[in-house]
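Fair warning: this is a prediction, and the values are worked out from it, not measured in the lab. Chain letters run A, B, ... following the sequence lines, proteins first, then strands; residues in each count from 1.
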There are 2 protein chains.
Amino acid sequence: MHKEHNLTKNQQIIFDIIDRSPEPLKAYSILFNVQKKGIKAPLQVYRALDKLVEIGKIHKIESRNAFIACQNSSCQVSKATAFSICESCEKVTEINNSSLSKYLSNFKDKAGMKYSKYNLEFFGLCKKCITK
Amino acid sequence: MHKEHNLTKNQQIIFDIIDRSPEPLKAYSILFNVQKKGIKAPLQVYRALDKLVEIGKIHKIESRNAFIACQNSSCQVSKATAFSICESCEKVTEINNSSLSKYLSNFKDKAGMKYSKYNLEFFGLCKKCITK
DNA sequence: TACATAATGTTATATTATAACAATTTTAAT
DNA sequence: ATTAAAATTGTTATAATATAACATTATGTA
């Protein structure tokens with residue numbers, strides 16, 4: 001489970017929107033959605049997003065500049081993330097596969113770098129879109 | 001080896017700059033560098049970048065919005081990419097590890113998605129920066 | 001209380017990327 | 001060589017993503 005962070009008002013508003021969304025949300029789409037709640041400026045959104053990413057409640061899908069709630073009850077922070085992305089319908093799913101995460105967390109390359117974090121994005125077609 | 005693509009003038013100019021750079025370059029930094037060669041507009045840069053990515057001559061480092069020349073003589077196109085990124089000095093290296101690429105290319109998750117592509121970015125400290 | 005830290009609000013601006021359209025060059029088939 | 005299609009280029013404008021800087025307010029904690 002996530003360590004409990006007491007989210008602030010803005011953080012909670014923005015987390016709720018992302019958490020309820022079936023698809024990753026972009027910062028300005030979030031901004032548009034929260035203007036009725038008094039959050040008026042991009043920076044207010046970005047600050048909340050930064051914090052939510054930092055504490056592992058959401059992840060950024062780098063290839064899409066969009067944010068998704070963490071689906072993975074066993075991850076405390078966002079140090080090891082993997083996603084599958086359908087290039088047709090843009091559905092994004094967080095992959096929770098212990099074989100994969102073990103393999104990647106233990107990966108060492110010849111350059112001798114010490115890795116503390118990784119992000120993996122798979123692209124392809126989801127079941128629904130394959131049959132179309 | 002790469003399939004030979006005869007690069008156009010703009011593509012060649014922009015590829016050369018990226019290829020000679022020891023670090024990933026951002027689009028507007030490239031633009032600044034090629035203005036003396038007659039490339040004046042962002043779109044000219046982005047179009048060349050898009051094409052170079054498409055044919056596998058360069059890769060985009062998604063977490064940095066920057067571009068690096070392909071270091072991997074065995075990759076035809078950019079369907080299976082992995083990078084190590086030093087969070088201190090920002091050095092980026094393309095990982096060429098057949099065990100890793102086999103593992104990821106064969107990866108199937110329970111959702112049954114058919115993957116045609118992946119991108120993996122490792123973050124940490126490079127040898128030099130660890131000892132600092 | 002009072003200090004430090006974190007979060008907020010606000011304006012302005014920086015950075016990254018694409019739309020739309022016209023013109024030119026290249027390719028490949030006749 | 002001719003020509004039609006496809007790719008590339010040039011250009012202006014604008015959209016989309018993200019941060020700087022600074023003043024203020026709220027929260028945690030000694």
Apart from B:Leu43 itself, its cluster of hydrophobic side chains linked below 4.5 Å comprises none

Heavy-atom protein contacts under 4.0 Å, nucleotides 21-30 of chain D, coded B base, S sugar-phosphate only, - none: B---------

Find the distance between CD1 (A:Ile14) and NZ (A:Lys57) and round it off to the nearest 0.5 Å. 14.0 Å

Can you see if the side chain of B:Gln11 gets near the phosphate of D:dT8 - specifically, an N or O under 4.0 Å from OP1 or OP2? yes

What is the 5' to 3' range of DNA chain C, first to last nucleotide, that sits under 4.0 Å from any heavy atom of chain B? C:dT16 to C:dA20

Tell me whether B:Phe15 shares a hydrophobic cluster with B:Ile30, the cluster being built from Ile, Leu, Val, Met, Phe, Trp, Tyr side chains joined at under 4.5 Å. yes

Through direct or indirect side-chain contacts below 4.5 angstrom among Ile, Leu, Val, Met, Phe, Trp and Tyr, which residues connect to A:Phe32? none

Assert: residue with more 5' nearest nucleotide on DNA chain D, out of B:Pro42 and B:Thr8, is B:Thr8

Report the residues that fulfil side chain to side chain contact (heavy atoms under 4.5 Å, CB included) with A:Ser99, sequence neighbours left out, ordered by chain and then residue number. A:Asn97, B:Tyr103

Would you tell me if any nitrogen or oxygen in the side chain of A:Tyr46 comes within less than 4.0 Å of OP1 or OP2 on D:dA18? yes

For B:Lys91, check salt bridge (charged side-chain N to carboxylate O under 4.0 Å, His left out) against everything at least two apart and list the hits. none

Residues that B:Tyr28 engages under side chain to side chain contact (heavy atoms under 4.5 Å, CB included), provided they are two or more places apart: B:Leu31, B:Pro42, B:Tyr46

A:Lys40 and A:Gln44 have their tightest heavy-atom pair at N-OE1, 2.8 Å

With hydrophobic residues grouped by side-chain heavy-atom distances under 4.5 Å, do B:Ile58 and B:Ile68 end up in a single group? no

Using the test ring pair (Phe, Tyr, Trp, His ring centres under 6.0 Å), find all partners of A:Phe83 that sit at least two apart in sequence or belong to another chain. A:His59

Tightest non-hydrogen contact, residues B:Ala69 and B:Asp19, listed as CB-OD1, 3.4 Å

Over how many whole Å does the gap from B:Lys9 atom NZ to D:dT9 atom P extend? 8 Å

Contacts under 3.5 angstrom, residues 120-131 of chain B side chains, donor-acceptor by atom type, not counting sequence neighbours:
unit_1   : atom_1 : unit_2   : atom_2 : d
B:Glu121 : OE1    : B:Ser63  : N      : 3.3
B:Glu121 : OE1    : B:Ser63  : OG     : 2.7
B:Glu121 : OE2    : B:Glu62  : N      : 2.9
B:Glu121 : OE2    : B:Asn119 : ND2    : 3.2
B:Thr131 : OG1    : B:Lys128 : O      : 2.9

Just how large is the angle between the end axes of the helix from C:dT1-D:dA30 to C:dT30-D:dA1, five pairs per end, to 10 degrees? 50°

Between B:Lys51 and D:dA7, does any side-chain N or O lie under 4.0 Å from OP1 or OP2? no

Partners of A:Ala66 by side chain to side chain contact (heavy atoms under 4.5 Å, CB included), sequence neighbours excluded? A:Pro24, A:Lys26, A:Arg64

For atom CG of A:Asp50 and atom C1' of D:dT17, their distance in whole Å: 13 Å

Please tell me if A:Asn65 has a side-chain N or O lying less than 4.0 Å from either OP1 or OP2 of D:dA18. yes

Sub-4.0 Å heavy-atom contacts from residues 24-41 of chain B onto DNA chain C, ordered by number: B:Lys26, B:Tyr28

